Asks: 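One structure coming up, written as structure tokens, with questions to follow.
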Amino acid sequence: KLSGGLLSLRGAAAAEATAIAAYVTVDAAKAIIDQADAVSLLNSRLRGAVSGADEFAAAQKGLFQLAQSNSVGLNETIQLYTRLSDPIKRLGGGMSEVIGVTNAFQKALQLGGVSAQEAASATLQFGQALGAGVLAGDEFKSLAEASPRLLKAIADGANLPIESLKKLGSEGELTAELVSNALLKM
């Protein structure tokens with residue numbers, strides 16, 4: 001009887017192991033599919049921000065290197081790039097300027113020691129500000145709270161005292177052009 005019970009127990013254990021393996025396999029497959037969807041979405045966003053296959057390949061490579069060197073996620077880096085692309089290109093900049101501002105923005109946040117949540121919020125606010133053409137109001141306030149180091153970088157790059165930024169922002173004079181050019185000097 002003991003031998004039959006052990007065989008029965010062994011059979012149950014084998015069936016459970018098979019069920020667990022199947023679950024793990026399905027879970028792993030789902031994770032791979034989710035990752036592939038995320039990469040596809042990132043590539044779609046990036047394609048919308050560049051013109052042509054050569055620029056896409058160069059931007060993809062540059063942003064990957066940027067994400068690694070700044071210890072920031074590729075998703076966040078591409079999102080920032082795509083948010084900044086149109087406003088900077090409207091000002092006459094190209095891919096290298098968009099990558100330059102993306103890099104300076106990420107470095108300023110990194111130097112300021114912001115959390116991932118603060119960085120995500122600052123990225124959204126910064127993208128909205130440049131999209132609107134001016135850093136003012138809620139966007140200015142959010143960036144000032146999330147990263148005083150970013151404001152210092154803007155002030156230093158624009159050769160302005162940091163104390164004047166709030167006034168310039170409230171007067172609508174912290175334009176996307178001024179902010180972008182200041183960050184490119186960082």
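What's counted below: heavy atoms across the whole structure, side chains too, no hydrogens, waters or symmetry copies. For the single chain, residues carry numbers from 1 onward in sequence order. Since this is a predicted model, take the numbers as computed values, not measurements.
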Asks: What pairs meet the ring-ring contact (aromatic ring centres under 6.0 Å, His included) rule with one or both residues in residues 154-186, with sequence neighbours excluded?
Replies: none
Asks: Would you mind listing every salt bridge (charged side-chain N to carboxylate O under 4.0 Å, His left out) that reaches into residues 72-95, with sequence neighbours excluded?
Replies: Glu55-Lys89
Asks: State, to 0.1 Å, how close Leu165 and Ala155 come at their nearest heavy-atom pair, and which atoms those are.
Replies: CD1-CB, 3.8 Å
Asks: Output side-chain donor-acceptor pairs under 3.5 Å for residues 130-144, partner residues at least two apart or in another chain, one line each.
Replies:
unit_1 : atom_1 : unit_2 : atom_2 : d
Ser142 : OG     : Asp138 : O      : 3.0

Asks: Can you list everything that forms a side chain to side chain donor-acceptor pair (under 3.5 Å) with Lys166? Sequence neighbours excluded, please.
Replies: none
Asks: Kindly compute the distance separating OG1 (Thr102) from CD (Gln79), expressed to the nearest 0.5 Å.
Replies: 12.0 Å
Asks: Transitively linked via ILVMFWY side-chain contacts under 4.5 Å: Ile99 with Val101?
Replies: yes
Asks: Same cluster or not: Leu80 versus Leu91, using hydrophobic residues (I, L, V, M, F, W, Y) connected whenever any side-chain heavy atoms lie under 4.5 Å apart?
Replies: no
Asks: What pairs of residues pass the ring-ring contact (aromatic ring centres under 6.0 Å, His included) test when at least one of them lies in residues 43-92, not counting sequence neighbours?
Replies: none
Asks: Please identify each residue that fulfils side chain to side chain donor-acceptor pair (under 3.5 Å) with Thr77, with sequence neighbours left out.
Replies: Gln106
Asks: Write out all pairs satisfying salt bridge (charged side-chain N to carboxylate O under 4.0 Å, His left out) with one or both partners inside residues 149-161, taking only residues at least two apart or from two chains.
Replies: Lys152-Asp156
Asks: Less than 3.5 Å apart, which donor and acceptor atoms pair up between the side chains of residues 118-127 and the rest of the protein, not counting sequence neighbours?
Replies:
unit_1 : atom_1 : unit_2 : atom_2 : d
Glu118 : OE1    : Ser115 : N      : 2.8
Glu118 : OE1    : Ser115 : OG     : 3.3
Thr123 : OG1    : Ala119 : O      : 2.7

Asks: Can you pull out every ring-ring contact (aromatic ring centres under 6.0 Å, His included) where at least one residue sits in residues 150-186? Sequence neighbours excluded, please.
Replies: none
Asks: Quick one: do Leu150 and Val98 end up in the same hydrophobic cluster if we chain Ile, Leu, Val, Met, Phe, Trp and Tyr together by side-chain heavy atoms under 4.5 Å apart?
Replies: yes
Asks: How long is the span from the CE atom in Met95 to the CD1 atom in Ile88, to the nearest 0.5 Å?
Replies: 12.5 Å
Asks: Going by salt bridge (Lys or Arg N to Asp or Glu O under 4.0 Å), name the residues that satisfy it together with Glu171, two or more places apart in sequence or in a different chain.
Replies: Lys167
Asks: Can you tell me how far the CG atom of Leu74 sits from the CG atom of Leu63, to the nearest 0.5 Å?
Replies: 7.0 Å
Asks: Taking only residues at least two apart or on different chains, which pairs with a member in residues 149-186 satisfy ring-ring contact (aromatic ring centres under 6.0 Å, His included)?
Replies: none
Asks: Show me the donor-acceptor pairs, under 3.5 Å and distance only, between side chains in residues 176-186 and residues at least two apart or in other chains.
Replies:
unit_1 : atom_1 : unit_2 : atom_2 : d
Ser180 : OG     : Ala176 : O      : 2.8
Asn181 : ND2    : Glu177 : O      : 3.2

Asks: Check whether any side-chain N or O of Gln110 sits under 3.5 Å from a backbone N or O of Asn70 as a donor-acceptor pair, and report yes or no.
Replies: yes
